[in-house]
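Proteins come first, then strands; the chains are lettered A, B, ... in the order of their sequence lines, and each starts at number 1. Please read all numbers here as calculations on a predicted model, not as lab measurements.
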Protein chains: 2
Amino acid sequence: MKPISYSNPKLDEVTVSTKPVFEGNIISLQIDTVKLPDGGTASREIVRHPGAVAVLAIHDDKIILVDQYRQAMGRCELEIPAGKLEKGEDPLEAAKRELQEETGYTCQQIRLLHSFYTSPGFADELIHLYVAEGLESGEAVPDEDEFLELYELTLQEALEAVKSGRISDAKTIMAVYAWKLQQLTGEFRI
Amino acid sequence: MKPISYSNPKLDEVTVSTKPVFEGNIISLQIDTVKLPDGGTASREIVRHPGAVAVLAIHDDKIILVDQYRQAMGRCELEIPAGKLEKGEDPLEAAKRELQEETGYTCQQIRLLHSFYTSPGFADELIHLYVAEGLESGEAVPDEDEFLELYELTLQEALEAVKSGRISDAKTIMAVYAWKLQQLTGEFRI
């Protein structure tokens, strides 16, 4: 459920040096030189990220989504509520906070579904995906530079949105898979 | 299936300026200043990535995985075969190439399951996830600085590996969900 660390002496690389390149408000970038298993060296471009939370929340048989402009793609994205971890913040508390800030909803129960890396090849971003149940609506209080629209889709509408490409980010597709599976088996978790 | 672009005048941001920060072998980094829907401005840290392919390949009722050291997390990751797109490369050809290079397997049929963004908040990486069928084994030919170990897991073993955190990256968890769903419904695609 949470990532476990393990080692494989035939595959492990060893950090030789780290060169900081950029330190931003959200991410930082460094170039690591590593020693390969065969003794050679290679260069790795690495993005550091504080980690994030995301929430699969079903209310009245509809999944709660937020539409938001994403500069990286130059388009809006329909995503489950999510946000980055504040420094030292507990992921579960962050999940409840983001759900309430972005959608106004509070929940009676919340539990971890998966923690997963989004881009192992170049970034350490880890998303903790929660399932929230027992939802009650309230007023959203998004961040100052955050402009959102709330959407609530039935399973059929969400599946159509995945098929059409209207939903096209990893965590949201994963959440729709989990919901579909829950409808078939009674359990969100695989 | 493929992401579709759409606009929402209440949410859209407009790029005011772009400052290049870093140009690497795989990723580049820039800081964009954007005009917000309310007329204010904000800064966005953006990673550009060439895009990637990944392959869900089932052979003799086992999913084909590769174990690989990932410097971003400082640990090995058990992932479906994947790799970045070469310049101008067709994603379907890239998927066949990566499958063969990393695992030795060739396939008789291959089709797109989903294209998805991994980290909409800060990166434009788009992964094209394919399903390969009719597999035949052969010799793997990994890149020079790529050290891999092949694993083949049953559905039950793959589900256990997701639960334990041994599998902990988004594309691989999504592939295991798709496989589980295919076992229940006959269709990989939701």
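Here the shortest heavy-atom pairing between P120(A) and A72(B) reads O-CB, 3.8 Å. The two atoms that bring I26(A) and E45(B) nearest to each other are N-OE1, 3.0 Å, heavy atoms only. Counting all heavy atoms, side chain and backbone alike, R48(B) lies closest to Q71(A) at NH2-O, 4.5 Å.
Under a hydrophobic clustering in which Ile, Leu, Val, Met, Phe, Trp and Tyr are joined whenever their side-chain heavy atoms come within less than 4.5 Å, directly or via other members, F147(A) and M73(A) fall into different clusters. F116(B) and L56(A) fall within the same hydrophobic cluster, defined by Ile, Leu, Val, Met, Phe, Trp and Tyr side-chain heavy atoms under 4.5 Å apart, directly or through other members. No continuous path of hydrophobic side-chain contacts links V55(B) to V131(B) [ILVMFWY only; heavy atoms under 4.5 Å]. Cluster membership check: L159(B) shares its hydrophobic cluster with L184(B), using side-chain heavy-atom separations under 4.5 Å among Ile, Leu, Val, Met, Phe, Trp and Tyr. In terms of hydrophobic clustering, with Ile, Leu, Val, Met, Phe, Trp and Tyr side chains grouped at heavy-atom distances under 4.5 Å, W179(A) and M174(B) are assigned to a common cluster.
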- Please step through side-chain contact (heavy atoms from CB on, under 4.5 Å) for the pair Y69(A) and V34(B), ending with a clear verdict. CA-CA 11 Å; Y69(A) 188 83; V34(B) 297; 5.9 Å; no
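Most heavy-atom pairs under 4.5 Å with chain B: of the set K171(A), E13(A), E149(A), this distinction falls to E13(A). When V176(A), N25(A), T15(A) are compared by the number of non-hydrogen pairs under 4.5 Å with chain B, N25(A) comes out ahead. Considering only heavy-atom pairs separated by less than 4.5 Å from chain B, the leading option among I46(A), D124(A), I27(A), L181(A) is I27(A). With chain B as partner, the option from A52(A), S43(A), A123(A) having the largest number of non-hydrogen pairs under 4.5 angstrom is A123(A). Looking only at heavy-atom pairs under 4.5 Å with chain B, the residue among T118(A), L129(A), V14(A) that has the most is T118(A).
For L148(B), the part sitting under 4.5 Å from any heavy atom of chain A is the backbone (N, CA, C, O) and nothing else. No part of K84(B) comes within reach of chain A, as not one of its non-hydrogen atoms sits under 4.5 angstrom from that chain. Only the side chain of A42(B) comes within contact range of chain A, with at least one heavy atom under 4.5 Å from a heavy atom of that chain. Contact annotation for L29(B): only side-chain heavy atoms (C-beta onward) come within less than 4.5 Å of a heavy atom of chain A. Neither the backbone nor the side chain of A158(A) comes within less than 4.5 Å of any heavy atom of chain B. The parts of D169(B) that come within reach of chain A are both its backbone and its side chain, each placing non-hydrogen atoms under 4.5 angstrom from that chain. Interface remark: Y177(B) contributes backbone and side-chain atoms alike to the contact with chain A (heavy atom separation under 4.5 Å). Interface remark: A82(B) contributes no atoms to any contact with chain A (heavy atom separation under 4.5 Å). Of the two parts of E79(B), only the side chain, counted from C-beta on, holds a non-hydrogen atom closer than 4.5 Å to a non-hydrogen atom of chain A. Heavy-atom distances place the side chain of T185(A), and not its backbone, under 4.5 Å from chain B. Proximity to chain A is absent for every atom of T41(B), based on heavy atoms less than 4.5 angstrom apart. Using a 4.5 Å cut-off between heavy atoms, L11(A) contacts chain B through both its backbone and its side chain. With a 4.5 Å cut-off on non-hydrogen atoms, E125(B) touches chain A through its side chain but not through its backbone.
Looking at R70(B), its side chain never comes within 3.5 Å of a backbone N or O of F122(A) through a donor-acceptor pair.
Counting non-hydrogen atoms of other residues, nucleotides and ligands closer than 6.0 Å to CG of D61(B) gives a total of 12 or fewer. Few gaps surround CG on D38(B); more than 12 heavy atoms of other groups in view lie less than 6.0 Å from it. Remark: E139(A) CD is loosely packed, at most 12 non-hydrogen atoms of other residues, nucleotides or ligands lying under 6.0 Å away.
Here the CD1-OH distance, from I173(A) to Y117(B), works out to 11.0 Å after rounding to the nearest 0.5 Å.
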